[in-house]
2 protein chains.
Amino acid sequence: MPVEMMIRKLRLHSELPDENVEALRAVVTPVKNMPEDSLIVREGDLSTQCCVIMSGFAYRSKVSETGKRQILSFHIAGDIPDLQGLPLKRMDHDLTTLSPARLGFINHDALERIIESRPALARALWRETLLDAVLFRQWIVNLGTRSASGRMAYLIGELRQRLAAMGLVANEQFDFPITQSKLADALGLSVVHVNRVLQAFRTEGVLDFKRRVVTLRDLERIVELGGFESVEEDGGRA
Amino acid sequence: MPVEMMIRKLRLHSELPDENVEALRAVVTPVKNMPEDSLIVREGDLSTQCCVIMSGFAYRSKVSETGKRQILSFHIAGDIPDLQGLPLKRMDHDLTTLSPARLGFINHDALERIIESRPALARALWRETLLDAVLFRQWIVNLGTRSASGRMAYLIGELRQRLAAMGLVANEQFDFPITQSKLADALGLSVVHVNRVLQAFRTEGVLDFKRRVVTLRDLERIVELGGFESVEEDGGRA
DNA sequence: CGATATATTGACAGGAGTCAAAGAGGGTGG
DNA sequence: CCACCCTCTTTGACTCCTGTCAATATATCG
């Protein structure tokens, strides 16, 4: 049951009665398989449903008027990357698969109906969209205050933590099928420089980024370089 | 009635019955005057109330482990900059006054009580927190894709638009009492370079940043430099 | 009118971008 | 099974935007 990832993540952040969880589970439509680089929703679209990542990766991005694409965030199994579309409707960015992915969908009308009578669920979803914003703020700090290698280390560190919470890290190694060009778009760097940073990490034994798989060789250094600090340990719960 | 700014902003983004607005107005406590550079809430705090800016400016910031402070956003009259504290409770960043400011406060318990029976209001607040996230995403694009002057132009352009929506821009001129050092922290640049950019803008007749007041001399250029595009014209309404 | 914060300048250094070309990998079709 | 192609990665040379350091000028304020 791949919906479990989503449930797991929600319950990591909010207390939820079983009944609410069941109601939510019931409105997730059958899974759809999508190849990599498929646009799920486009900036400007009016959303009528939101998507649940069952497996694989997705990313949100925007292109600035300068023509450069900025990747805003990466999403993993369990995430609902366009949940904010429920209240906002109009998408302010694109959502694309990074790898082949299995997606579930939740129709907005159906979701509205079930949260109407379930305040705890409504609140949990609100919190979920705000935890998203927490990551954006951290990303701003990352872009604004760190050097190229620091940014890269931070990205890997954050990803590792989120994947670990979903049980997707084994032996300090995880799947992350991304090109250096997309890394560059996420970090606000040039492809060439991303390559240089990765090379350095490899030769210095910090981490290895081969064949869609990241291997963390010196977690200590990564945490240090990325100035990474643990987040959402309690999901901000009171 | 300085609460009107907040009401005005909410209604710009969401349809709200008069009754809801009255209920909301009723829970805003009397205004408190704060001098500039006063910390309103600190990272790590558990919020029990949220604040409404009646007049003046505030900013949200985080310090990265490198010791550098990153300013995440600026807030103006009408904003509720820590609204996300209602569902999240634990603050992930600081909130500080940029200028002397008049603030109102809304107790969380009181707010919970009034939104419990007013779904439209609850939804409006949810949307408000998400519009905040829209701005964060744009800021990520700004930091990740633009040059120093582009970032500066974008900041000014965004601020102008938000101030204009609150009726705080006259003759392409508005109050913005900030030091170059804080601008640097917001833009991810050094103070020296911020100074250079501002100098250039001044001599090229793009804009003037004197004595806490910004004068836009060539809006065309600013929009062009900042690649600024209009947002929240409809607040994302369906 | 000092005292302190802020703004401004100049010289210099260096991280990251750009350009261009060469390798590697991974598919695909014959 | 190999040749070919296309995308992605890697390298090297060179440029330049932005940071750093340090000194000076200007504001602001009690």
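The sequence lines fix the lettering, A, B, ..., with proteins before strands; numbering per chain opens at 1.
No option in R60(A), K9(A), R137(A) other than R60(A) meets the salt bridge (Lys or Arg N to Asp or Glu O under 4.0 Å) test with D132(A). Screening M5(B), R160(B), R162(B) for a side-chain contact (heavy atoms from CB on, under 4.5 Å) involving L168(B) leaves a single residue, M5(B).
Nucleotides of DNA chain C that come within less than 4.0 Å of any heavy atom of chain B span, from the 5' end to the 3' end, dT6(C) to dA11(C).
Of the possible donor and acceptor atoms, none in the side chain of T145(B) sits under 3.5 Å from a partner among the backbone N and O of N142(B). Using modelled atom types, no side-chain atom of R42(B) and backbone atom of D94(B) make a donor-acceptor pair closer than 3.5 Å. Between the side chain of D82(B) and the backbone N or O of G85(B) there is no donor-acceptor pair closer than 3.5 Å.
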Between the protein and nucleotides 23-30 of chain D, list the N/O to N/O atom pairs that are separated by less than 3.5 angstrom.
unit_1: dT28(D); atom_1: OP1; unit_2: R211(B); atom_2: NE; d: 2.8

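Axis angle, first five pairs versus last five pairs of the helix from dC1(C)-dG30(D) to dG30(C)-dC1(D): 50°, rounded to 10°.
Considering only heavy atoms from C-beta on, I156(B) comes within 4.5 Å of F174(B) through its side chain.
In this view, R151(A) satisfies the side-chain hydrogen bond (donor to acceptor under 3.5 Å, both in side chains) rule with no residue, not counting sequence neighbours. Take T66(A) and apply the side-chain hydrogen bond (donor to acceptor under 3.5 Å, both in side chains) test, not counting sequence neighbours, and it matches S64(A).
Between W139(A) and Y154(A), the ring planes are tilted. Angles from 30° to 60° get that label.
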Per-nucleotide protein contact string for nucleotides 8-16 of chain D, where B marks a base within reach and S marks sugar-phosphate only (heavy atoms under 4.0 Å, - for neither): SSBBBB---
